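Written out below as structure tokens is the structure these notes cover.
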Amino acid sequence: MDKYIFHLRGLTCANCAGKIEEKLKSRDELKNLHYDFLNDELVFESEEESSELRNKIQEIVDSIEDGVVVTEDLGEEIEEEEEEESFSIYKSIVVFVGLLILHFAKLNEKVTIISYLVLYLIIGYDVIKPSIEKIATGKFMDEKFLMTVASLAAIISGEYAEAVAVMLFYSVGEIIQDKAVDSSKKSIREALKLKPEFANLMIDGEIVKVDPSEVAIGQVILIRPGEKVPLDGKILKGSSNLDTSNISGEFAPVSLEAGDEIISGFVNLDSSLEVEVTKTYKEGTIAKIIDMVKNASVNKAKVEKFITRFAKIYTPIVIGLAVILFLFLNFATDHTAKEALYRAAIFLVISCPCALAISVPLTMFAGIGSLSRRSIFVKGGNSIEALTDIDGVAFDKTGTVTKGEFIIAEVEETAASKDEILEIAAVGEAYSTHPIAKAIVKAFKTKKTPDHLNNLGGKGIEFELEGKSYLVGNKKLLEDFDISLEGNKESNYVDVFVADKEKVLGVIKLKDQIKDGVKESVDDLHKRGVKTYMFSGDKDRVVEEIAKEVGIDYYKGSLLPEDKVSEIKKIEEDKRIAFVGDGTNDAPSLASAYLGISMGSGSDIAIETSDIVLLKNDISSIVRAIDIAKRVKKIAYQNIFIALFLKVVVLGLGAVGYVSMPLAVFADVGVALLCIVNSLRVFKE
């Protein structure tokens, strides 16, 4: 069974998209089918040939929405679509000018009627034709059919100008609506530009351009200046500045050299780099983010699900009411059959649920797009809605609140000078990749090398320098060698002891650096009524000092991963919290919290487990995400109110005869446009 991805070019109606998906799912030959309206991807599995499937799907699509082209190539038909769009605009202008001329010109009555009918056919042909064709299928009760009935009822009643105006208003509304939907989609598709197009694979001294998915772990790729980094890896040769704004949102270039890790999505600026691939494309950072974006429309918010269910109940009820209205006016009042039909047609036009069907999903699309523009990626509308419900945010310390980069705070001199202590430690730590070792080596440059170096896992190192033995490590290392620690008190720092085999020479005290802007972000969360927590495996005194410095409400240290989960469960007995982390050990907490938020620089499992990924590695993004989410939810409910309120009012007026056909069209197309314009306010800061 093969997997297929088709595209439905020109489909901008969310309601129609739902009908098409439902119809296709009923076909036995199409397995595991899903249509992603946001990214215009129809994904399914089948045993049949591509050309046969395309023809079958095209027939089904045509029966529901005319003018949509089923294609396997995303680039197909784009030029034709643009030409059709331009033609629709010109056609609308011609008809509008024609209406003005007929309104002011004093022509023969017969000539005037014929002219109106010609204009009606010009502007209404693309609406009337599919409406008539669908009658045979039994699936004809859609917006185009309602507009056809309404305009024909106007012609039967002798309101020719009104019939043309109905079609003109509807056509212009469709053009604007399509533009708005495309605009919203494009804002999210920008995120898909992160995907690299090729990789320069080095094979036996030759460079072969291949698809990134074809490169295996351990192979070496060349990244030239101006090229996008296609895969995560480690730099073997070269140094260069890289633009990381695609990933982090930061525009300042980052300098990397041999030995440094490099992430897919960066853009190489200066010099060529040889990189050993450490992750396949599917396991890389960019692939995970792209998958998250492409699947965002699948995970719907509660309000979206409500609207889908409501539309299915609402439409048949209102159609039934229109029939009852016609029968009542025709048989129980003095209205003629023409008048009753005209009034019922107006009622039907007003009733179309298009405004509800498009505005709420479009609001969520706009929210996803607005967040992705700010390097905040969510797994769907449900994650946006969850952001508005949280009572608190719990942070892991290292890599989230702090940088995870140590600096030397002070050096305690016991039996040697500061320089001697630093030199001994720097020599011993020269070959370690541990963050603490890197901080020490960076603080003191030396060309001396150790002899007989022995790494004592989890404790430190033992080595010789210029014929003398030294120890560099933690308390446990000194205890193993029975070296006294008298007078040493509990420290707020990470202590690295430097000793010979007899006594402590000194203590290097290091501290992790708090990220810029953390205190301000914590204050911003408090202003929004969000309580803050911090959990860490670090010692209590260190956690307490950092928590107090940045203003976190509740904190706890010396926690194992399972202890963090227990703390979260206790809090969530009466509160909903989001947990923010970046490490593999944070995955259980990310999964157990009401909402999991991971840093983009974090581990693969942390990204996969979370609901939201922050590529810009600072917690100010959380504040921004909450603000956008609240605006999205507010606008979504505004749209529901606008659509229902205006429709109910106009339906009531239409039932008693106070609504003309143009006003009925406004209640449908116009209200939809109002909701769409309101949805696009999500993009405003």
Side-chain angles (χ1 to χ4, degrees), residues 234-236 239 254-262 276 278 397-399 402-485 488 490-514 536-539 541-542 546 582-585 601:
K234 184 177 182 179
I235 298 175
L236 297 178
S239 62
V254 172
S255 180
L256 297 178
E257 58 186 23
D260 289 334
E261 300 290 331
I262 191 168
E276 180 184 0
T278 56
K397 180 181 73 68
T398 307
T402 63
K403 295 179 180 179
E405 298 174 5
F406 291 89
I407 59 170
I408 295 174
E410 60 181 84
V411 177
E412 185 179 301
E413 300 170 292
T414 305
S417 69
K418 178 180 177 179
D419 285 348
E420 288 174 328
I421 294 165
L422 286 173
E423 182 178 38
I424 293 167
V427 169
E429 300 284 17
Y431 299 100
S432 174
T433 58
H434 193 282
I436 290 175
K438 287 183 176 180
I440 293 171
V441 172
K442 186 178 180 180
F444 193 95
K445 302 296 181 183
T446 178
K447 294 182 179 179
K448 295 180 181 179
T449 56
D451 296 318
H452 310 297
L453 188 144
N454 184 22
N455 192 344
L456 305 170
K459 298 176 182 179
I461 51 176
E462 175 189 10
F463 62 95
E464 291 184 6
L465 176 62
E466 297 176 344
K468 192 171 182 178
S469 297
Y470 293 101
L471 302 169
V472 177
N474 57 27
K475 284 184 180 180
K476 291 180 180 179
L477 176 66
L478 302 186
E479 288 169 359
D480 286 352
F481 284 86
D482 296 322
I483 296 175
S484 174
L485 285 169
N488 186 265
E490 187 68 29
S491 171
N492 287 347
Y493 302 107
V494 175
D495 293 338
V496 176
F497 296 90
V498 179
D500 55 24
K501 290 295 183 70
E502 298 175 357
K503 60 185 179 300
V504 174
L505 301 177
V507 185
I508 301 174
K509 297 180 179 292
L510 300 101
K511 67 176 182 179
D512 198 353
Q513 301 176 77
I514 295 173
S536 176
D538 208 341
K539 51 190 177 183
R541 290 175 64 90
V542 174
I546 291 172
D582 70 331
T584 300
N585 64 339
S601 61

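Predicted model, so just to flag it, every value in this text is computed and none were measured.
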- Query: Please walk me through it: do E466 and K448 pass salt bridge (Lys or Arg N to Asp or Glu O under 4.0 Å)?
  - Reply: CA-CA 9 Å; E466 297 176 344; K448 295 180 181 179; 3.3 Å; yes

- Message: To the nearest 0.5 Å, what is the distance between CD1 on I407 and CG on D512?
- Response: 9.0 Å

- Message: Tell me whether E420 contacts the main-chain N or O of S417 through its side chain, where contact means a donor paired with an acceptor under 3.5 Å.
- Response: yes

- Message: How close do E462 and L456 get, counting heavy atoms only, and between which atoms?
- Response: CB-CD1, 4.3 Å

- Query: If you measure from OH on Y470 to CD1 on I461, what distance do you get to the nearest 0.5 Å?
  - Reply: 13.0 Å

- Message: Take a 6.0 Å sphere around NZ of K501 and say whether it holds more than 12 heavy atoms from other residues, nucleotides or ligands.
- Response: yes

- Gap separating the NZ atom of K459 from the CD atom of E479, nearest 0.5 angstrom: 9.0 Å

- Least distance between heavy atoms, K234 atom then G259 atom: CE-O, 3.5 Å

- Query: Looking at V441 and A426, what are the two nearest heavy atoms and their distance?
  - Reply: CG2-O, 3.9 Å

- Message: How long is the straight-line distance from OG of S469 back to CG of D451, given to the nearest 0.5 Å?
- Response: 10.0 Å

- Nearest 0.5 Å please: distance from the CD atom of E423 over to the NZ atom of K418. 14.0 Å

- Item | Expected output: side-chain D260 to main-chain E257 donor-acceptor under 3.5 Å | yes

- What distance do I424 atom CD1 and D500 atom CG have between them, rounded to the nearest 0.5 Å? 8.0 Å

- Item | Which atom of F463 lies closest to which atom of V472, heavy atoms considered | CE2-CG2, 3.8 Å

